[in-house]
There are 2 protein chains.
Amino acid sequence: MHVEPVLTANQQLVFKALGDAEAPLSAYTILERLQGKGIKAPLQVYRALEKLIDFGLVHRLESLNAFVVCDHHGDHTQHPVAFAICDSCGLVAEFVDSSVQEGLSRWTTGHAFRPKRVTVELRGLCETCDGASK
Amino acid sequence: MHVEPVLTANQQLVFKALGDAEAPLSAYTILERLQGKGIKAPLQVYRALEKLIDFGLVHRLESLNAFVVCDHHGDHTQHPVAFAICDSCGLVAEFVDSSVQEGLSRWTTGHAFRPKRVTVELRGLCETCDGASK
DNA sequence: AGTCGTGACGTTATTACATTACATAATTCA
DNA sequence: TGAATTATGTAATGTAATAACGTCACGACT
Ligand SMILES: [Zn+2]
Ligand SMILES: [Zn+2]
Ligand SMILES: [Zn+2]
Ligand SMILES: [Zn+2]
């Protein structure tokens with residue numbers, strides 16, 4: 001198991017905004033959506049995001065400069081994760097693949113590289129959107 | 001084999017700047033280094049980079065917002081590639097791993113996801129820098 | 001020669017993303 | 001309680017990327 005961290009007011013706001021969204025949100029989009037609810041400046045959003053990411057509750061999508069809530073309740077317990085992102089509808093699938101893990105860890109150990117952060121992102125079309133673009 | 005594309009003046013400048021660099025460069029760093037050599041505005045750099053990436057001569061590192069010259073002379077012939085990036089010295093190792101490939105392609109086919117672009121980036125410490133931080 | 005399409009180029013302005021700096025309040029805990 | 005730590009608020013600034021123009025060079029065709 002793992003404990004649920006206590007979220008501050010700002011963190012709750014940001015977390016909820018991400019949870020309510022249908023697709024990844026940029027920091028400034030979060031800001032827009034929280035204007036008037038106590039959030040007024042970019043830094044409030046970025047600070048909340050930083051913590052939420054630390055807690056494992058939120059992921060940053062590097063190829064998008066955007067953020068999504070974790071699909072696994074923040075319970076990764078190590079395993080780096082991969083994302084498939086639909087460029088059409090914004091759907092994000094979060095997954096872990098042992099073959100990918102092994103490939104990467106074999107390479108890193110073989111080359112004495114000490115990884116701190118792993119980014120695996122697939123950009124493309126989800127089944128629905130791909131089918132629709134016939 | 002594959003043909004070497006003809007580069008325009010701006011493209012040559014940007015390509016050379018990247019080739020001369022010891023580490024990935026951001027677009028604006030490239031701009032700085034090319035001031036006075038005919039490059040004056042961000043867009044000149046971005047347009048050149050776009051083409052160089054199209055040609056496969058340059059890669060964009062998403063987790064860094066920066067660019068490096070391709071290690072394989074742009075000869076990828078499909079295979080998406082992975083990067084190990086040292087956060088201390090900026091060293092970038094470009095590699096292809098079949099186990100990673102297979103893991104990703106198995107997932108995408110299994111989920112009917114059509115990938116257009118793949119990002120795999122490891123951020124951490126290279127052997128040298130990790131050893132030095134004892 | 002004249003027109004046209006195409007692709008690269010140049011310039012300015014603007015948008016989008018992220019951090020620095022500094023002052024202030026709240027919380028924790030010895 | 002009082003020091004240390006953590007969260008906040010606000011403004012300004014820094015960095016990355018694109019929009020929106022218009023121009024120029026060049027080869028293809030009429
Ligand atoms: Zn997750
Ligand atoms: Zn879709
Ligand atoms: Zn390459
Ligand atoms: Zn290093």
Side-chain angles (χ1 to χ4, degrees), chain A residues 3-18 21 23-68 85 87 90 117 119 121 123, chain B residues 3-18 21 23-68 85 87 90 117 119 121 123:
Chain A
V3 284
E4 299 293 333
V6 179
L7 301 186
T8 68
N10 286 356
Q11 287 160 14
Q12 286 177 35
L13 283 168
V14 170
F15 186 62
K16 179 152 191 321
L18 280 176
L25 299 182
S26 75
Y28 274 73
T29 302
I30 295 171
L31 175 58
E32 282 174 20
R33 301 198 180 179
L34 294 179
Q35 305 274 21
K37 307 201 173 189
I39 300 285
K40 298 178 188 170
L43 200 44
Q44 296 176 286
V45 176
Y46 280 107
R47 289 203 272 230
L49 284 171
E50 185 183 8
K51 285 298 177 184
L52 291 170
I53 290 170
D54 281 351
F55 297 150
L57 295 174
V58 164
H59 295 292
R60 172 185 170 84
L61 300 176
E62 297 288 349
S63 70
L64 227 49
N65 291 336
F67 305 84
V68 285
I85 305 162
D87 286 331
R117 217 177 74 200
T119 301
E121 297 178 15
R123 300 280 299 274
Chain B
V3 283
E4 300 294 334
V6 180
L7 301 186
T8 68
N10 286 358
Q11 287 162 14
Q12 285 178 36
L13 282 169
V14 170
F15 187 62
K16 181 156 192 316
L18 279 177
L25 299 182
S26 75
Y28 278 76
T29 303
I30 295 172
L31 175 58
E32 283 174 19
R33 299 198 181 179
L34 294 179
Q35 305 274 23
K37 305 201 174 190
I39 301 285
K40 298 178 189 169
L43 209 42
Q44 295 176 287
V45 175
Y46 279 107
R47 288 203 269 233
L49 285 171
E50 184 183 9
K51 285 299 177 181
L52 292 170
I53 291 170
D54 281 350
F55 297 151
L57 295 174
V58 165
H59 295 291
R60 172 184 170 84
L61 301 176
E62 298 288 349
S63 70
L64 228 47
N65 291 336
F67 306 83
V68 284
I85 305 162
D87 286 331
R117 218 176 74 200
T119 300
E121 298 178 15
R123 301 279 300 275

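The figures that follow rest on heavy atoms only: side chains count, while hydrogens, waters and symmetry mates do not.
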For this session: Identify, between A:A41 and B:L64, the residue whose nearest nucleotide on DNA chain D lies closer to the 5' end.
Result: A:A41
Exercise. Given side chains that start at C-beta, do those of A:L64 and A:P24 come closer than 4.5 Å, heavy atoms only?
Worked result: yes
I'd like a table of donor-acceptor pairs (distance under 3.5 Å, sequence neighbours excluded) in which one partner is a side-chain atom from residues 31-46 of chain B, with atom names and distances.
from	atom 1	to	atom 2	distance (Å)
B:Q44	OE1	B:K40	N	2.6
B:Q44	OE1	B:A41	N	2.9

Exercise. Among residues 43-51 of chain A, which contact DNA chain C at a heavy-atom distance under 4.0 Å?
Worked result: A:L43, A:Y46
Seminar exercise, completed: Numerically ordered, the residues 25-38 of chain A set in heavy-atom contact under 4.0 Å with DNA chain C is A:S26, A:Y28
Seminar exercise, completed: Ranking B:A9 and B:N65 by the position along DNA chain C of their nearest nucleotide, the one closer to 5' is B:A9
Seminar exercise, completed: Of all heavy-atom pairs linking A:P5 and A:L57, the shortest is CG-CD1, 4.2 Å
Seminar exercise, completed: Closest non-hydrogen contact found for A:V58 with A:F15 is CG2-CD1, 4.0 Å
For this session: Keeping the roles fixed (side chain from B:E121, backbone from A:T119), state whether a donor-acceptor pair exists under 3.5 Å.
Result: no
Exercise. Is there a donor-acceptor pair closer than 3.5 Å between any side-chain N or O of A:Q12 and the backbone N or O of A:L7?
Worked result: yes
Between [atom1] of [X] and [atom2] of [Y], what distance do you get to the nearest 0.5 Å?
X: A:L13; Y: A:I30; atom1: CG; atom2: CD1; value: 11.0 Å
X: A:S63; Y: A:D87; atom1: OG; atom2: CG; value: 8.0 Å
X: B:L49; Y: B:F67; atom1: CG; atom2: CZ; value: 5.0 Å

Seminar exercise, completed: 5'-most to 3'-most nt of DNA chain D touching chain B (<4.0 Å, heavy-atom partner on protein side) reads D:dA16 to D:dA20
For this session: Any salt bridge (charged side-chain N to carboxylate O under 4.0 Å, His left out) involving residues 45-65 of chain B? Give me the pairs, sequence neighbours left out, ordered by first then second residue.
Result: B:R60-B:E62, B:E62-B:R117
For this session: Please list, in 5' to 3' order, the outermost nucleotides of DNA chain C lying under 4.0 Å from any heavy atom of chain A.
Result: C:dC17 to C:dA21
